[in-house]
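Below: one structure, written as structure tokens.
Basis for what follows: all heavy atoms, side chains included, without hydrogens, waters or symmetry-related copies. Computed from a prediction, not measured in an experiment: that's the story for all the values here. Each ligand, and each atom within it, is numbered from 1 in the order the structure gives.
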Amino acid sequence: MTKTIHAAITGVGHYAPAKVLTNADLEKMVDTSDEWIRTRTGIRERRIAANDEMTSDMGVAAARAALAQAKLDPADVEAIYVATCTPDMIFPSTACLIQAALGAKRAYGFDISSACAGFIMALDTAAAAVESGRVRNALVIGAEKLSVVTDWTSRDTCVLFGDGAGAVVLQPSPRPGLRSSLLGVDGNQAEILYIPAGGCKQPSSEETVRAHRHAIHMSGRETFKIAVNTMQEAAQEAIARAGLTADQIDCMIPHQANYRIVDAVAKRLGPNVMDKVFLNLDRYGNTSAASIPIALSEAVAAGKVKSGDKILMVAFGGGLSWGGAVVEWL
Ligand code: UT7
């Protein structure tokens, strides 16, 4: 189908909490080492939100920065899509809380729960609304406070995650913005990466709290293997649907879970793709749905993205769920 209205990113911003938790700090908390964390993941430090700083607060800060870059008044925002697996509360949605805080009085909004793939899911959903003409000014936010769903006694997971938020403004454009996207889920392997308790299957109880069942549980090695294969396939399909080849991608912004995953995916895509990857996981760790918009925001601020560049985004996470997208920068 030939599109007449395209959805383009016109502003991007991010927010990172002030508190830094280094690998040296973690050495004092669990049986781990800076050397193990750096060589197995690439992470050196991560940000941790304050006790009174919620996912919605971080989302608002990132959204304000993106709106400022797009020169868009919050009152003109029509839709707010928030990708998060750590909402402030079960309901109302984080999108509602962000709408109120921004004063986006004409906007509707909802949350998208798709763990680390959430931002690409939200971007695709927002783009469909903009391309159809139903929404003109959309905010797409990825925001997470993973520190509250981290088991700080488990070295298998506590070294991996961090908090933060990123946001983009999506608006109609005569030129292609989102050139392609591809989304997928496979619920058959839901339990290799999940938070078991807190829903109706295992409601909160003293027992679920004692057993750390409100925290992220992950079969790391299994997730790693599936992540590499799935991200490679999603990236290749997104590139093909954009009518491009891997060597025509100018910048790759992957979900930032593990340096070794990104390196393996990039090498499979082509000989020089790793040189085009923007990474900041050394400073933030894995921030789930926030990782891609935070990285995009930093890449743009660092002058790594220029007009006409084709940006490949690709993510994989709990669900299992995944997404790939190619965006042409305005
Ligand atoms: O964002 C959503 C998607 N998530 C991901 O994509 C994450 C995918 N998985 C990974 O990134 C990696 O599997 C991890 C970083 C989680 C783990 O790395 P790994 O190379 O797969 O290590 P492993 O789980 O195979 O563990 C190797 C060893 C084990 O010891 P033994 O059994 O060989 O004696 C672990 O107990 O490393 C041990 N280990 C640690 N040692 C020091 C596990 N965590 C730690 C730690 N510090 N923090």
Counterpart residues, side-chain contact (heavy atoms from CB on, under 4.5 Å), relative to A50 (two or more places apart): D52, E53
Result of checking V314, L312, V277 against L269 for side chain to side chain contact (heavy atoms under 4.5 Å, CB included): L312
Qualifying residue, where the test is side chain to side chain contact (heavy atoms under 4.5 Å, CB included) with S321 and the options are S113, S114, C116: S114
Carboxylate-amine/guanidinium contact K276 D250, below 4.0 Å: no
Salt bridge present between D263 and R260 (N-O < 4.0 angstrom): no
Under 4.0 Å from ligand 1 - residues by heavy atom, chain and number: D31, T32, W36, R40, T41, C116, R155, D156, V159, L160, L193, M218, G220, R221, T223, F224, H255, A257, N258, R260, I261, N286, F316, G317
Parallel, tilted or perpendicular: ring planes of F316 versus W322, cut at 30 and 60 degrees: parallel
